[in-house]
K.L.:
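The following block contains the structure, expressed as structure tokens.
In listed order, ligands and their atoms are each counted from 1. Values in this document were obtained by computation on a predicted structure and should not be read as measured data.
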Amino acid sequence: MATGLTSLAFSDTGASRPASLTAGTSAAPCATPKGRPWCDTSLPPGTRAKLVVKALTGDEKLALLAGDDLVGPLRATDDARFRAGTVHGVARLGIPDLYLVDAGSMGVKQGPNTALAAGLSLAATFDTAAAGRAAGVVADEAAHRGNDVVLGPAVDIVRTPKGGRTFESYGEDPLLASRMGVAWIRTVQKAGLLAEVKHFPANNQEENRYAVNAVIDQRTLREIYLAPFEAAVRQGKVASVMCGYNLVNGRPSCSGKTLLDGVLRKQWGFDGMVVSDWGLAAKDTEGSIKAGLDLEMPVGVRYTPPALASALTSGKITWADIDARLQARLRVMFAYGMFDKPKRANDGEAGYTRNAATAQDLAEQGITLLKNTGGVLPLNTGTKVAVIGRAADQFRSGIGSMYVKPTSTTTPLQGIIARAGAGNVTYNDGSDPQAAADTARAAQVAVVVAADARAEDADVTCLTLKCGTAKDQTLGDQDALIDAVAAANPNTVVVLQTGGPVLTPWAAKTKGIVETWYAGQRGGAAIARVLYGDTDPGGRLPVSFPATEGDAPASGDPAHYPGTGGKVTYAEGVNIGYRHYDTRKITPAFPFGHGLSYTTFKLTGLKATRTAVTVTVTNTGKRRGLAVPQLYLGLRAAPGAAQPPKQLKGFTKAGLAPGQSVKVTFPLDARAFAYWDQRTRAWKRAPGCAKAMVGTSSRTIDLTGTIC
Ligand code: GLC
């Protein structure tokens with residue numbers, strides 16, 4: 001029986017106090033186990049959690065369901081004493097504080113830390129080992145800032161290329177997002193921190209994000225939007241899930257019992273803690289408690305002691321409900337040793353030098369060469385290069401909760417100057433296109449660096465470089481600038497520092513196009529190494545680049561995006577990203593999976609069975625290069641389940657010397673051949689035979705086979 005309320009007066013837990021910069025607590029809470037049966041480490045975490053919950057008073061219980069620091073999120077960018085989330089513990093029982101830090105793809109947001117390349121760049125590596133290395137940097141720096149939970153990875157699928165947070169995501173394909181997310185989670189959690197995968201279950205736009213109701217059919221939910229979360233839970237064993245702001249099929253993400261309890265906990269066996277997004281995500285008290293929201297952040301709005309007390313008094317919730325929520329959170333804290341180890345020190349002693357080098361290497365792995373004609377790239381040392389554009393002299397990043405203040409920066413201009421050799425680089429910021437053209441004309445090669453400005457809380461209003469920068473007026477009309485430079489110098493290379501797809505109307509006028517994404521604090525050095533061929537461009541597109549706005553998925557009808565009357569209907573179903581272009585037979589400007597190497601490859605010897613597809617990759621060029629062969633399956637339609645022409649079912653990355661061959665294997669499991677059958681509400685194997693396609697992009701299929 002849970003203890004009743006002793007009083008409604010509660011001590012003010014709202015006071016925010018900066019996390020100390022000094023060492024963490026010297027002793028583990030359970031270092032003094034006397035009178036604390038929950039300190040018995042021979043007991044399973046769940047049992048320990050039940051024991052400690054039993055020892056709590058009613059007041060203490062109600063104060064433990066929400067965070068306690070409103071100031072942290074506001075000051076975390078610049079001040080290492082602050083972080084996104086602080087939840088006070090109960091010293092009387094040795095329940096430790098819980099510290100949560102924003103650590104999406106770009107690094108740890110708690111004072112200056114290593115600013116990594118954005119999620120889209122990591123996805124572009126098509127390399128789960130890269131995701132692991134990025135997570136290693138995050139874990140190292142989050143731990144040395146005294147944290148327990150990192151608020152990442154963001155695995156939201158890119159449904160509209162206009163999404164403000166596209167740069168944080170892992171792109172438009174659920175398999176790619178799943179595998180990158182799982183690799184990231186495993187590394188963070190192996191380092192002893194809790195990952196918090198976000199934003200469950202379908203937060204795919206910034207427009208009206210706090211209230212929009214996403215209407216999504218079950219099959220699309222399962223095969224596309226839930227897939228990365230299912231992988232995070234089942235394969236990644238993720239410790240925490242963050243439920244998002246918006247509604248899905250009429251239910252708030254943080255109180256939709258069907259998904260939060262029915263699917264996440266009951267079907268997938270999730271045994272961690274569910275945490276709300278920051279403010280406005282928990283939409284009610286009893287609904288959230290009943291659905292399984294364990295912790296409201298950054299402070300209580302719905303989970304204030306008075307609101308909880310009145311829900312208890314009215315019988316809408318019970319003490320057993322409260323206990324269940326506390327047990328869920330405390331269980332995972334026991335499981336991660338938070339009662340048995342001292343709290344980490346906020347000492348800032350992470351390996352920043354090593355981490356910055358890793359950041360640069362990862363950025364290089366994600367840089368995607370979209371076009372390279374006339375041998376304009378790689379550049380030769382000594383080539384006279386004109387660097388054009390304001391963005392060339394800036395550190396570009398996304399705006400919002402994931403922004404990390406870098407410990408240092410190398411801009412593209414600085415990187416190119418350092419690499420080109422003295423006296424070989426001229427620069428013009430492009431504010432006067434005529435002057436820029438004159439500078440370009442005087443050089444052998446002109447490199448125009450352009451950027452967009454994506455941000456949380458705001459989708460971009462269009463996909464051109466011109467208006468995609470509504471948040472940053474310093475960039476001007478970059479399309480016009482590129483036109484002017486290309487007219488002045490036929491050897492023009494465009495370097496895009498964007499957080500998502502952009503239109504490239506000037507593509508035919510330029511010889512080279514390189515997408516570097518938001519490339520992190522050493523992005524300039526990474527870009528220079530790729531431009532000069534010191535390393536092969538390792539990236540492949542995790543998002544399709546449309547030729548026109550109207551070609552893009554979810555475009556054309558406001559009801560489908562951004563929504564009308566507070567409702568956005570995912571009418572396209574599973575046909576998002578390349579599935580959309582393939583189904584609608586639309587040719588994208590640059591397709592999903594596309595990316596050039598400085599060498600060439602040949603794929604031969606396809607063998608396809610139900611458990612694996614193998615193929616041999618050969619470097620047929622004169623330089624070492626990175627191959628990213630991709631496996632797609634074409635499943636046969638079933639009643640009520642039309643199928644897109646192909647779906648990504650495997651990918652790998654291989655560095656090959658000239659003439660070298662390697663045999664790659666794409667393992668396949670039953671799920672690879674399955675679709676979600678709405679009638680039986682279960683995964684079902686697609687009928688008949690499947691078509692196996694292996695290629696170097698979703699549109700460049702070299703080999704096909706059949707699997708029956
Ligand atoms: C934000 C974001 C979420 C972030 C959280 C804490 O609103 O939606 O991704 O982790 O708040 O800053």
K.L.:
Parallel, tilted or perpendicular for Phe334 and Phe339, by the 30°/60° rule?
P.N.:
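Geometry flag for Phe339 against Phe334: parallel rings.
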K.L.:
Any cation-pi pair here, Lys162 with Tyr561, using under 6.0 Å and within 45°?
P.N.:
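Pair Lys162/Tyr561 does not count as cation-pi.
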K.L.:
Measuring from the heavy atoms of Glu196, does anything fall under 4.0 Å of ligand 1?
P.N.:
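No, Glu196 has no heavy atoms under 4.0 Å from ligand 1.
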K.L.:
For atom 1 (C) of ligand 1, grab the closest protein heavy atom and report residue, atom and distance to one decimal in Å.
P.N.:
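Ranking protein heavy atoms by distance from atom 1 (C) of ligand 1, first comes Glu456 OE2, 3.2 Å.
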K.L.:
Does Lys109 have a non-hydrogen atom less than 4.0 Å from ligand 1?
P.N.:
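Lys109: no contact with ligand 1 (<4.0 Å).
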K.L.:
Just need the protein heavy atom nearest to atom 5 (C) of ligand 1, so name the residue and atom and give the distance.
P.N.:
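Ranked first by proximity to atom 5 (C) of ligand 1 is Asp277 OD1, 3.4 Å.
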K.L.:
Are the side chains of Leu295 and Leu65 in touch, meaning some heavy atoms are under 4.5 Å apart?
P.N.:
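The answer is no, as the side chains (C-beta and beyond) never meet within the 4.5 Å cut-off.
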K.L.:
With backbone taken as N, CA, C and O and side chain as the heavy atoms from C-beta onward, which portion of Met242 lies under 4.0 Å from ligand 1: side chain, backbone, both, or neither?
P.N.:
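It is the side chain that touches ligand 1; the backbone stays farther off.
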K.L.:
Is Trp278 in polar range of ligand 1, meaning some N or O pair under 3.5 Å apart?
P.N.:
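Between Trp278 and ligand 1 (N or O atoms, distance only) the closest approach is not under 3.5 Å.
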K.L.:
Keeping Arg454 on the side-chain end and Gly164 on the backbone end, is there a donor-acceptor pair under 3.5 Å?
P.N.:
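Flag not set: sc Arg454 to bb Gly164 has no pair under 3.5 Å.
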K.L.:
Test your reading of the model: is there a side-chain donor-acceptor pair from Asp294 to the backbone of Val275, 3.5 Å cut-off?
P.N.:
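The answer is no, because no donor-acceptor pair under 3.5 Å joins these two groups.
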K.L.:
Ignoring hydrogens, just give me the one of Val101, Asn203, Asp102 whose non-hydrogen atom is nearest atom 4 (C) of ligand 1.
P.N.:
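It is Asp102 that holds the nearest heavy atom.
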K.L.:
Using a strict threshold of under 4.0 Å (side-chain N to carboxylate O), is an ion pair present between Arg209 and Asp459?
P.N.:
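Salt bridge absent between Asp459 and Arg209.
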K.L.:
With heavy atoms under 4.0 Å as the rule, classify the contact between Met297 and ligand 1 as side chain, backbone, both or neither.
P.N.:
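It is neither; nothing of Met297 touches ligand 1.
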K.L.:
Below 4.0 Å from ligand 1: does a non-hydrogen atom of Arg165 turn up there or not?
P.N.:
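So Arg165 counts as touching ligand 1.
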K.L.:
May I ask you to identify, for Glu206, whether its side chain, its backbone, both or neither come under 4.0 Å of ligand 1 on a heavy-atom basis?
P.N.:
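No part of Glu206 comes within reach of ligand 1.
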K.L.:
May I ask you to establish whether Arg540 and Phe126 are in a cation-pi arrangement, using a distance under 6.0 Å from NZ or CZ to the six-membered ring centre and at most 45° from the ring axis?
P.N.:
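No.
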K.L.:
Would you say His199 contacts ligand 1, with heavy atoms under 4.0 Å as the rule?
P.N.:
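Right, His199 reaches ligand 1.
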K.L.:
Closest non-hydrogen protein atom to atom 7 (O) of ligand 1, residue and atom name please, with distance?
P.N.:
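Here the nearest protein heavy atom works out to Tyr245 OH, 2.6 Å.
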K.L.:
Got Ile157 and Ile576 here, is their nearest side-chain heavy-atom distance under 4.5 Å?
P.N.:
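Yes, their side chains come closer than 4.5 Å.
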